[in-house]
2 protein chains.
Amino acid sequence: MKYTGGAVILFGGGTEVAVAQTRVSTREVVLAAVGLFTEYGFERTTMDGIATATGVSRRSLFRRFGSKEDILFSEHDELFTTVVRYLDASPDDPLSAVRSAARMVFQGYLRDPGITLPRYHLVRAHPRLRDREVAMTARYQSAFSHYLTERVGTGLSLASGVVAASVIAAHNHVLRSWLRDPDEGVDAVWARFDDAMAYVSTAARPLLEPGAGAQSDRVLVALYPSGTDNGEVLRRIGSALDSDAT
Amino acid sequence: MKYTGGAVILFGGGTEVAVAQTRVSTREVVLAAVGLFTEYGFERTTMDGIATATGVSRRSLFRRFGSKEDILFSEHDELFTTVVRYLDASPDDPLSAVRSAARMVFQGYLRDPGITLPRYHLVRAHPRLRDREVAMTARYQSAFSHYLTERVGTGLSLASGVVAASVIAAHNHVLRSWLRDPDEGVDAVWARFDDAMAYVSTAARPLLEPGAGAQSDRVLVALYPSGTDNGEVLRRIGSALDSDAT
DNA sequence: CCGAATCATGGCATTCAGTGCCAGGATAGG
DNA sequence: CCTATCCTGGCACTGAATGCCATGATTCGG
C-alpha cells in the first residue's frame, strides 16, 4: 500500500503530488476524472488512468462509484435524493412544491459549473452519456409525477404526468440555454427560469384542480392579445360556449 | 464457415434447426435474444450464447446491432426514423401531425407484443435497460419539440418543448398501463389513447397559437363542472376579467 | 458466361469495464 | 490489549466491444 490517506492531484502538467490526509474526497475524484475526460475523451480515458491520477486504486473507484459513467453523475445522484426528500417533506400546495424542487435542481447545476459545464460538453459528444443524462432528468420527472399523483389523487395521474413533464421540459429549456452560454449573468438566468416556471405553472394549474380529471368536465382555454377589450373577450367566449352546447 | 445462409431457431427445447436461406433476419435475431434474456436474465446471457442460438457469429452480431442492448431496441430505432420521416413530410397542422406521430409510436408497441412485452419486463428489472428505454422516448420528445419549434416559430420554443413533453407523457401514461395489463382489449386501449391525446391537445393548443409567446399577452383558463350553465360561466369569467383589469 | 470489384461474414487477438475473492491495515468497542 | 468490523488494494477472471484479416457471396461490366 503506497498511500495511507488522501491525495491532492495536479494534472495537466502531468505531475502528481500526493498529500497524506484522511481520504480522497468524492469531489476530488470527480474533478480529476472530468479533467481527464475532457482532455483525452471519455472512452479513451481508462479507469487505470483515473486511478493513477487520483491515487485511489482502480478497485476502490469501482467500489465507490459503481462505474466510469457514475463518476460523472455521482453528485447528480446525491442531489436527486435530496430533492426527493424535500418533496416528501413538503405539505404545501403540490404544484408549488414541484416548482421549488425544480428550482433546487436548477440550483444544483448553477452551483457547480466546474463539473456541470464540462459534463455538458461531454454529454453532447457521447450518445451514451447523453442517454445517462436523459435518464437522470427522467428520474426527476418520475419523482415529480408520483408526488403529484399522491397529493392530488390517483384520478389525476395523467394530469400529474403531463404537469411533471411540462415542468421538467421548462427546466431543461432554460438549463440548456445557460449551458450553451454560461457567460450570461446569473440574475438573468434565474429570471428566465422563474419566467418559464410561471409560464408552465399557469398552464398546468387548472389541470390539477379537484374535479378536473372527470371526463364529463369541460375545460375552456381562451387566448387573446393583451389589447383586447374585456367585453369583446366575453362575446367570443359566449359564442364558443354556444357552439359547444351539449 | 458452417452456415451458408439464414437459420430458423427453435429454442426452449434447446434444439437448433438451421435452414439454408438468404440470411438470418433482424427480427429472428431479436426474438431469439429476447427469449434468452427472459429465460436466463440479461447480463447472464452472453453474446456468444446469442451467436450460437441464432447461427450468426458473435462478430457479426456486433456489426449488425452495435451492442447487446441495441439488439433489444433495434426495431425501436427503425420506428424512430420512420416517425421522423413522417413528421418531416407533414405539412398539416403541427399539433395534429405530432398527435399522429405519437399514434404511430403507440402502434409500434401494440403491433409487436412478442417483442415489446418481454422487453418491458426486462426494462423494469434492469436499470440499465430502463435508462435505454427512457432515452428512446426522449429522442421522440426531442424530435417532436424540434418539429414544433420549426413549424410554429422559434419564439415558441419553450411552448414547443412543453407541448412535446406533454404529448410524450400522455403517450407513455397509456402505454405503461397497457404494458402492465396487455390483456385489455385493443379497442379499449386505443380509446384511452385517443382520449389522452385529446386531453393533452386541448390543453396544449392555445400554447402554440401565434402570438401566445409574447409576455404582454394574457391567457385565461376557465375550469368548471359540466353541469354549469353557460350564463353562469360567462358571469364568472366577466368578474375574473374585471379583477384582472390593467 | 466469366473475371473483377465490392461487400458481408467469421475467426482471431486485444483492450478494457466490471466483479469476486482474499489479504492487510485502520478503526471502534469492550 | 485483544477482537470484531470496515475500508482499501491487489489479483484473477468474465465478457463486451473493436480492429485486423482472410474468405465466401453478390453484383456488375465485359
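Keep in mind it's a predicted model, so treat the numbers as computed, not measured. Below, read A as the first sequence line, B as the second, and so on, with proteins coming before strands; counting in each chain starts at 1.
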* Asked: What's the verdict on side-chain hydrogen bond (donor to acceptor under 3.5 Å, both in side chains) for A:His126 and A:Glu43, showing C-alpha distance, side-chain angles and the deciding distance?
  -> CA-CA 9 Å; A:His126 302 276; A:Glu43 32 247 0; 3.1 Å; yes

* Asked: To the nearest angstrom, how far is A:Arg64 atom CZ from C:dG18 atom P?
  -> 16 Å

* To do: From the options A:Leu72, A:Ile50, A:Ile71, A:Val56, select the one residue that forms a side chain to side chain contact (heavy atoms under 4.5 Å, CB included) with A:Phe65.
  => A:Ile71

* What is the distance, rounded to the nearest whole Å, between atom CG of A:Asp48 and atom P of D:dC11? -> 12 Å

* To do: Take atom OH of B:Tyr40 and atom P of D:dG15, then tell me their distance rounded to the nearest Å.
  => 14 Å

Enumerate all atom pairs, one protein N or O and one N or O from nucleotides 18-22 of chain D, separated by less than 3.5 Å.
residue, atom, partner, partner atom, Å
D:dG19, N7, B:Arg59, NH2, 2.8
D:dG19, O6, B:Arg59, NE, 2.5

* Structure fact -> From the candidates D:dT8, D:dG9, C:dA17, the one with an atom nearest any side-chain atom of A:Met47 is C:dA17

* **Heavy-atom donor-acceptor pair, B:Glu28 side chain to B:Ser25 backbone, under 3.5 Å** => yes

* Asked: B:Leu61 CG to C:dG11 C1': how many Å, rounded?
  -> 14 Å

* Please state how far atom CZ in B:Phe37 lies from atom P in D:dG15, giving the value in whole angstrom units. => 14 Å

* Check the surroundings of atom NE2 in A:His146: do more than 12 heavy atoms from other residues, nucleotides or ligands lie under 6.0 Å from it? => no

* Answer yes when A:Arg192 and A:Glu184 have at least one side-chain N-carboxylate O distance shorter than 4.0 Å, and no when they do not. => yes

* Grab the CD1-P distance between A:Ile71 and C:dC16 for me, whole Å please. => 16 Å

* Structure fact -> residues 77-86 of chain A vs side-chain hydrogen bond (donor to acceptor under 3.5 Å, both in side chains), sequence neighbours excluded, gives A:Asp77-A:Arg139

* Taking only N and O in the side chain of B:Ser60, is any of them less than 4.0 Å away from OP1 or OP2 of C:dG10? -> yes

* Structure fact -> Between CZ of B:Arg44 and C1' of D:dA16 the distance, given in whole Å, is 17 Å

* To do: Take atom CD of A:Glu43 and atom C1' of C:dT15, then tell me their distance rounded to the nearest Å.
  => 13 Å

* **Whether B:His171 side chain and B:Val167 backbone form a donor-acceptor pair below 3.5 Å** => no

* Under 4.0 angstrom between B:Arg23 side-chain N/O and C:dA8 OP1 or OP2 -> no

